Amino acid sequence: MSDSLNYAYYPGCSGTGTSIEYDMSTRAICAKLGITLNEVPDWSCCGSTPAHTVDHTLSSALSARNLALVEKMNLDTAVTPCPSCLTNLKTATHRMSKDEFRDDVNKLLDTPYNGGVDTKSVLQILVEDMGLDALKAKAVKPLKGLKVAAYYGCIMNRPPEVMNFDDPEHPMAMDNILTALGATVLPFPLKVECCGASFGIPRKDIVMSLSGKLLDAAEDIGAEALVTACPLCQMNLDLRQDQINSANGAKHNIPVFYYTQLIGLALGIDEKELGIDKLCVSPRTVINGIGAEDAS
Amino acid sequence: MKIGVFVCHCGSNIEGTVDTAAVAAASREFPGVVFATDTMYACSEPGQDGIIEAIKEHKLDGVVVASCTPRMHEPTFRRTLERAGLNRYLFEMANIREHVSWIGKDREANTNKSADLVRMAAAKLLKNRPLFSKQFPVNKSVMVIGGGVAGIQAALDCANGGLKVVLVEKDTTIGGKMAKLDKTFPTVDCSSCVLGPLMVDVAQHPNIKLHAYSEIEEVNGYVGNFEVSIKKKASYVDWDSCTGCGLCVEKCPSRKATDFFNEKLATTKAINIPFPQAIPKKAKIDANFCMKLQKDKCGVCAKVCPSESIDFSQKDEIITESVGAIVAATGFDLFDWTVYGEYGGGKYPDVITSLQYERMLSASGPSEGHIKRPSDGKEPKNVVFIQCVGSRDKSVDRPYCSGFCCMYTAKQTILTKDHIPDSQSHVFYMDIRSPGKLYDEFTRRAMEEYGANYIRGRVSMIYPQGDKLVVRGADTLMGAQVEVDADLVVLAVGAEAAAGATDLAKKLRISYDNYGFYMEGHPKLKPVETNTAGVYLAGACQGPKDIPASVAQGGAAASKVLGLFSQDMLASDPQVSVVEIKRCIGCGKCIETCPFGAIKEIDFRGMKKADVIETICQGCGICTSTCPQGAVQLQHFTDNQILAEVNAICRF
């Protein structure tokens, strides 16, 4: 592990499109925290959900191509904010530990991948490499008074033998970061439940029901905002919140942050740089409320 | 030496894949063999009679039987030889069943291998010498370790049989897990009403000496003559004078001590008596919560005690007891379910264990028999039971079935309905395992008469919603996911080996399995014996058991002890090591390697030498392979005998 916190950075397709605010805020906080992110040159899509449901070898080849590029950069660790990209990179690495499978994959590649790269989520390096104390020390605007529910989604930590990070049933990484930054993190019982993921396209009703449950549970425990680490979860809960409300006859109005955006706020980074204005459910009231108790 | 060889068919067990007649024919050519035959069942009465006849007719002075494992029948055939007037050690066994017929299908290869094994056995037998046992006296008293229902039964049966019994219990009272139960299945009779009288019998029996709040420190000696050191832990109360009046408990101002008897559902005083029927009924101070011991303040108990029994300076004390046999009855512990993150991992107060629920149901429990949710004290209406928590689950390293959870869950649903008539119980189960007498009828009654809703499937998660718990699982008979709103969730936790069981096993020199349960001598034929002579097993220390099975095994262990003690003298096994004093250079390597402490250093005409204590030696042979001089020889397995076997198998 490098002491200088220097990583290859794989933003993933959603980071350059639907979840650009996740990418923006990730880059912004890493710059502020002294973490160097070197974007992988000529990176390609990891195949997302479709590739691995059709062909494991092809799916792994897509990830292996990106990992081979990282190998060429002479960096030992690739980080990505997106849990779905992370799953694909890690699963490919896991599968390629078998010689036969690795040979099949490498047949599809111009440059074979030898398996020397470690992959981690940005969340993992913040907790494990940077550390909560260092993070806390850099906070200039603590998130005092902010009541949030941390929602990890179903794949950030699972399956445990592949992801190898935090507790698969009760992950605490985001909880701990946000607590360290002064927020009140409520015990959220559904923190690893599925939001419905990409079923939003073929079976919208599934997302309406599953994501609806998450919003109900968050409101039930008195959360002012949800905090996610996954672009797809964020989209289902935020962009589709109106649809969920009309499908379930609910009246949720819960902003859904990326945890990187909240870290950014605590570090005193400008909202514009964090893409706060790109959230669909307005977080204005909630952001204004931060530290309000202190002032009064 | 004239050797006779008997090749056993063992029905089709051996004859199926070995040509026994051919093995017998080949054997006739081996050195020393004057007679060889095949026989249907060598161990049967006609089989043994045949051996005796052959010994007499052919004037044999050594016998080889090629059949099953020596663990099964070596003693049988040795007795046969004795009946024919030969020394029992002029006998060798070739294992052509487990080592040959059961593991290979090739008849020709099997036949050749069997003949080779017989050749080895005959070659060794040529160098066998008659061995004779020594007699030693037996101390006819027994130690029972563990005062649960199995230990109590074993102690009472031994004591009633006239033996002196030392009962050692690690807690301050006997009674074990059974004392914590409210009712017992399948009769739904009161647990303490059944157990209480037995506990009183223990206290009053003139033949039983009870050491409560004591643990085994060290075990020395051998069958008939064990020396056991026991650590009597400091209770800070002089139990000789304490009358158990309870005045100290009443006046103690420290109320925050953990109440282990009530499964941590409540707190208790720093000085306490675990429950009203405790035996012995003596007070003990929990040093962690006592203000006098922690901060040198208070001391109220000492002021109010009418018998002046409080002794804050008391220390742990080591005492020694001499016994002739030991019964291990150390019981089990409950699986720590907090590893199940999906069930809340110990975070939700209204998810409790089955034993906590028992304490709640019990009239002498912390809620005096009222079922209350730990979170808010409300009476639950919807109670969900989840079976197989830490049982039949490889992911938590508990692949075995704990056996009694199906039954106690059925009992608890019945009791729930009795306590709260408008309640509804739901049980998530994998299979119902209730094979005992009246057991299946009992679980059916829970479903049919008491209306418990049994759902076949595992629970994937429990999460709180409002003041309820949502239990989400699968109904594999419906093929659907189900969610049940629960006011209280009871986890049917499985059993695991008692904490410290493996440490005690090492002290007793008995074997244990991967999970820490003690190994019986033979899974079918020696269910209460261990591989160490004079040490017996009773109850759940051998594997999860319910009350009837524990009591039965306690009685069985007692009968074995009484059988052992029916003789005044025991015969030692002569298959022990001996030191050839001239060859021994006194290096002491054998003393270091002996796992039983059976070799001691002696002074022989001013020189350091090794000496074997025959009664302790188990005949394992480690010393003989360690000795650089070849001075230690294991009788019946000398270097020359083993070399003879090697030569027989390596011939050209």
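The structure presented is a predicted model; accordingly, all values stated were derived computationally and were not measured. By convention in this document, chain letters (A, B, ...) are assigned in the order of the sequence lines, proteins followed by strands, and residues within each chain are numbered from 1.
Aromatic pair B:F517/B:Y512: centroids not less than 6.0 angstrom apart. Not less than 6.0 angstrom separates the ring centroid of B:Y454 from the ring centroid of B:F385. Ring centers of B:Y400 and B:Y515: under 6.0 Å apart, within the cut-off.
A salt bridge between B:E496 and B:R398 is present, with a side-chain N of the basic residue lying under 4.0 Å from a carboxylate O of the acidic one. Salt-bridge annotation for B:D333 and B:K177: present, with a side-chain N of the basic residue lying under 4.0 Å from a carboxylate O of the acidic one.
Between the side chain of B:S254 and the backbone N or O of B:F289, at least one donor-acceptor pair lies under 3.5 Å. A distance-only check finds no donor-acceptor pair linking the side chain of B:S402 to the backbone of B:C405 [under 3.5 Å].
Between the side chains of B:Y357 and B:T416, a donor-acceptor pair is found at a separation under 3.5 Å.
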Anything under 3.5 Å between chain B and chain A that's a donor-acceptor pair? List each one with its distance, please.
residue, atom, partner, partner atom, Å
B:G341, O, A:H170, NE2, 2.8
B:K347, NZ, A:H170, ND1, 2.9
B:G466, N, A:D220, OD2, 2.9
B:R472, NH1, A:E193, OE1, 2.1
B:R472, NH2, A:E193, OE1, 3.3
B:E483, OE2, A:K213, NZ, 3.1

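Counting heavy atoms from C-beta on, the side chains of B:Q387 and B:I432 come closer than 4.5 Å.
Among residues 261-268 of chain B, no residue has any heavy atom closer than 4.5 Å to a heavy atom of chain A.
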